[in-house]
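Beneath this line is the structure, given in C-alpha cells, with notes to follow.
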Amino acid sequence: MAAEAPEVGLFATCLVDSMRPSVGFAAAALLERAGCRVHVPRNQACCGQPAFNAGDRAGAASIARQAVAAFEGFDYTVAPSGSCAAMLRRHFPALLADDPGWSARAQALAAKSWELVSFLVDIRGMTETGARFDGSAAWHDACSGLRELGVRDQPRRLLASVRGLTVKVLPNAETCCGFGGTFCVKYPEISDAMATEKAREIAESGADVVLAGDLGCLLNIAGKLSRIGSTIRARHVAEVLAGTCDGPAIGAPRKRG
Amino acid sequence: MEATSARFPANARAALGDADLRASLARLQREYRRDRAAVAARLPEFDALRDAAAAIKDHALDHLAFYLERFEERVIAQGGQVHWCRDGTEACEAVLAICRAEGATAVGKGKSMISEEIGLNAFLERNGIAPVETDLGEYIVQQRGEAPSHIVMPAIHLNVKQIADGFRAAHGALDPARALDGPDALLAEARTRLRDKFLSAEIGITGANFLVAETGSVVLVTNEGNGDLTHTLPRIHIALASIEKAVPTIDDAMALVRVLARSATAQEITSYTSLVTGPARAGDADGPRAFHVVLLDGGRSRLLGSERRAILRCIRCGACQSQCPVYGHVGGHAYGWVYAGPVGAVLTPALLGVPAAKHLPAASTFCGRCEEVCPVRIPLPALMRSWREEAFARRAGSATERALLKLWGAAVRRPALWRALVGPVSYVLAFCARRSGVYRALPLAGGWTGARDMPAPEGGSFVAAWARARKADAP
Amino acid sequence: MTGARDAILAAIRDARGDAVPTAPAPRSPLPARAQGTPEALVARFVEMALLAGATVSRAAGADGVPGAVAEYLSRGGLGGAVVLSPDPAVAGLDWDRAPRLTVHRGAGRDEMASAAATVTGAVCGVAETGTLMVCAGGPVANALHLLPEAHIAVLRASDIVGGYEAARARLGAELPRAVTFITGPSRTADIEKTPQIGVHGPRRLHIVLVDGA
C-alpha cells in the first residue's frame, strides 16, 4: 500500500514561503490525507513569474532551470497557487524550448505539475477532505488558475463537502481582483479600482470569509477589505479544506494569550 | 490622430476620476458579459467555430500575397481599381486623388478603423472636403470632436445627456429647446440629419470587414444600414482596408461572420452583411459607377514576419475591449490612439513603436479574459508579454524596476540566501504588527499601501520551518 | 503606385506570407441549427427571423401574396401604397387581388426614400439565423431594400436553406454588385447600449413566406 503512495514535491511558492507558512502546512496535510508522501526540497524559492511577466525571459529561464532540477525527481509537483502552477505547467516548456539540455526535462516536469486543489480532485480523486468550518465563505477565482489551468469546478466541489460551510456565490467571482503581480504597484490607481470592486462585492455577499487559491490575490483582497474597514477575513482555500483555521486569518491580528 | 499613448498613466488617472465615464463603462461590461454568455449558449458549436475561424485566418495569412493578388485580379475584372498604399500618407493621398478626379466634395463615410489610423477625416478637411460619419456612434463622437473609444461601439463611453449636449451644439439650426431626453429622440434626430447626407453624398467611403479573393468582393458587416447606403447611393465607392483582411472565399468570410457578431455585440448576426463586388454593371438601377479599394500595409507586413503574427487574425469584434477589466475602468481614450484594450496593447506598439506605446502592454494583469472571448483565439496576454520582453531588452522600463528585479532574481536563485533574508525580515514585520495584523503604511511600499493595507507575514520561512519539523530533503 | 504594390508584395514574401496554397482553407463546421428537414428548416427560419425582430406572415401560393401584403400594411398602420420591385417574382404577381392596395412601379430614389413600404423578392432564406439573402442588379435597385420605412420581402418556403454556404451556392461564380444578408430591421446599440430599431435602414422588416409555391 505504502509503495503506491506517490512522492509529491511541494512547490511552496515565494508568497507562501515568506508570508504565510501555514498554507504550506495545510497543503502538505491535504496531500498526506490524499495518500501522498510530501517532500519540500530546499532548493526552491520562486517560479520566476516576476521576471517572466516583466519581460526578462533570460532571468525567468534561469529560475526555471533551477526549479526543474529541484522538482523533476518526484512523481508530481504540486503548488498551492494557480499562477505558479501555470508557470511550471504552461510556461516552463516554452521558456526552455530552445535549450536542448533542458527542453525535454521542462516538458516532463510540466506534465506532472499541478495546482493543489485540482490535483486533489482530478488526480487523487478526493471528494471530501473531512474538514469542518462553521460559517460562510465567498469564493474568488484566481485568474491564472481559472483560465490557464481550468481550475473552476474542483474547489467548488471540495468546498461543498466541508461540513458546516455555506458558500456564498459572488456574481463576479471570475473577475480579476487587480493584483496582477507588479501591476498593482505599477498602475496602482487602476489596480485599486479593480480591488475596490472586488472588495465591495465580497462585503455585499455577507460572507464571513473570502477564499481563493492564490496568495497574491488574497493579500490584495485582504489588504483592501482591511482598508475599507470590513471585518470579513481572508484565508487560502487549503486552510479551510485542511481544517487548519485556528491561526489568524490573512491580515488578522494575532489572538492574545 | 495624435497619439497620447505615452501618457497612459495620466490618461488613466483622469478617466478613473470621471464618474460618468465609469458608469458608462460599467454598463458596457455588465451587459456585454451577460449578453455574450446568452448568445454563446445558444450555439453549441461556438468554440469549434472559433477554432475554425482562427485556422481560416492563419491560412489566409500564410498565403496572403496569393490571396491579395487574386482579389485584385477579380476587382479589376469587374471594372474596379485597387490602390496599394505602404502607409497612411499614401492611403490618404489615394483617397484625395479619387475625390479630386471626380470633382467631388460631398463624402459620406461608413465606419472604418483604418480611416482613424490614417487620420483620413482631418486630411480631407485640410483639403477642402468634409466627410460626414454615418455610423451613429461615429457621428456622435464626430460631433463632439472626439475619437471613437471602442472598435464596435464608438460612443459607448457617453451617456444620453452627453450625446444630447453634443447634438445641441452641432445642430445649431434646430430649436435649442427641443426635447432630446432619451435614446429615441436622439436617434430620430440623427436619422433625419443623416438621411440627407446619404442622399446627397457623391462619394461613399466604407471600411471592409473582409476582402474575398475568390470574387473580388468586399464584405461589410453593419447593423444600421449606413454601410449599405454608403456603398449604394453615391456615384463612387471607396473601400478602405488593411492587407490582412484578405480571405480566400465567400464561405470562409461567412465562417468568420458566424463568430463576429456573436463576439462583437452578442447578436446571432448583424442586420446587414453585404457582399459588394465592383461598380454597378451596365443596366444596374443603382450603385456607384466606380469602385476603388484602397489597400493599406501600414506595418502589417512587418507584423506578418514577426513573432506577433497572430494579432493579424483580429476581425475587429471588440470583444476583448468589452471584457477587459482595465479597459472597463479607464475606457478607450486612455489608451491614447485608435485601438484600445488588449488589441490596442498589442497593435499600438507595432504601429507606433515601443517607446510611445510601452505602457499599453504593461498595464495588464494578464487575467486572460480577452483571450477567453477572442473569436479567433489570439493569445493576447502572450503577445502583450512579448512586447514587455522587447521593452525589457531595450531597457525601456524604469531603471529602479530593473535593479529590483535583478536583486530579486539573485536572491531567489540562491534559496538559502533567500531564506536567510526572508526569515528575519518576516519575523520583525510579524512582531511589529502583531496587534493590528496589517501595515497601513510601509516604507518603499507606497504603491501598495496607498490604497490598501499590507497584511503582516506570519513570520519565518515555510521551507525552513518544514525542514526543522521533518527531516530535510537533500537539495 | 506600382512601386507601392511591388514593395508591399515583396514585404509579404519576406514575411513568409507568399506560399501558394495547395489546399483551401480548413473547413468550418456547419452548425446543427443549419441542418434539418425542409420542414424543420422552415420552422427554424421563422423562429430565428422573429427573434431578430422581423415579422412573418404566410401566404398560400403566389396568389396569396398581395393579400398578405395588404393585410400587413393595414395592421401596421402603414397606409395603402407600396413600391414594387421590378423583380418579376414580385412585379408579376396578381396585384389586382388586393384592390385597395396602390402599387407603384418604376419608382425612383426619392419615391423609395419616402415610401411607407417596398416589396421585393429574396433569393433565399437562411434558417440558421432567420436571414434573407437579397440581390440587387439589373432593374432591381439595392435602395429598395434600404430606403423605405418598411421592407416587405416575399420569400418562398421552398427557397429556405440551412446555412450561409447553401445560400452562397445559389449565387454561382459571378456575383451581382450587391448581395445582402438581411436579418431583422436596421438597429443600433450605440446610445448607452440601449437596443434601438430603425437607424438608417428600414425600421421594419416583414417577410411574407409563401407556402406551396
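Residue numbers begin at 1 in each chain, while the letters A, B, ... track the order of the sequences.
Only the side chain of B:Leu68 comes within contact range of chain C, with at least one heavy atom under 4.5 Å from a heavy atom of that chain. Of the two parts of B:Pro248, only the side chain, counted from C-beta on, holds a non-hydrogen atom closer than 4.5 Å to a non-hydrogen atom of chain C. Residue C:Ala54: no heavy atom, backbone or side chain, is found under 4.5 Å from chain B. Residue B:Pro154 touches chain C through both its backbone and its side chain, counting heavy-atom pairs closer than 4.5 Å. Contact annotation for B:Leu61: only backbone heavy atoms (N, CA, C, O) come within less than 4.5 Å of a heavy atom of chain C. Only the side chain of B:Ile140 comes within contact range of chain C, with heavy atoms under 4.5 Å apart. Proximity to chain C is absent for every atom of B:Leu256, based on heavy atoms less than 4.5 angstrom apart. Both the backbone and the side chain of C:Arg16 come within less than 4.5 Å of a heavy atom in chain B. Both the backbone and the side chain of B:His63 come within less than 4.5 Å of a heavy atom in chain C. Neither the backbone nor the side chain of B:Phe291 comes within contact range of chain C; no heavy atoms are under 4.5 Å apart.
C:Thr194 and C:Gln196 are not linked by any side-chain donor-acceptor pair at a separation below 3.5 angstrom, with hydrogens and angles left out of the test. No side-chain N or O of B:Thr134 forms a donor-acceptor pair with one of C:His200 less than 3.5 Å apart.
A salt bridge links B:Glu72 with C:Arg5; the closest basic N to acidic carboxylate O contact falls under 4.0 Å. With respect to C:Arg75 and C:Glu71, a salt bridge is recorded, a charged nitrogen being found less than 4.0 Å from a carboxylate O. Using a cutoff of 4.0 Å between basic side-chain nitrogens and carboxylate oxygens, B:Arg281 and C:Glu174 are not scored as salt-bridged. Using a 4.0 Å cut-off between charged nitrogen and carboxylate oxygen, B:Glu133 and B:Lys111 do not count as a salt-bridge pair. Ion pairing between a basic and an acidic side chain is recognised when a charged N comes within 4.0 Å of a carboxylate O; C:Glu149 and C:Arg203 show such pairing.
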Problem set entry | CA sep, side-chain torsions, deciding dist, call: B:Tyr67, B:His59, ring-ring contact (aromatic ring centres under 6.0 Å, His included) | CA-CA 10 Å; B:Tyr67 288 121; B:His59 170 97; 5.6 Å; yes
For this session: Before giving the answer on side-chain contact (heavy atoms from CB on, under 4.5 Å), spell out for B:Ser149 and B:Ile156 the whole-Å C-alpha distance, their side-chain angles and the decisive distance to 0.1 Å.
Result: CA-CA 7 Å; B:Ser149 71; B:Ile156 205 63; 4.1 Å; yes
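For a heavy-atom cut-off of 4.5 Å, chain C lies close to B:Glu214, B:Thr215, B:Ser217 in residues 212-219 of chain B.
When side chains are defined from C-beta on, B:Asp284 counts as touching C:Arg177, because their heavy atoms get closer than 4.5 Å.
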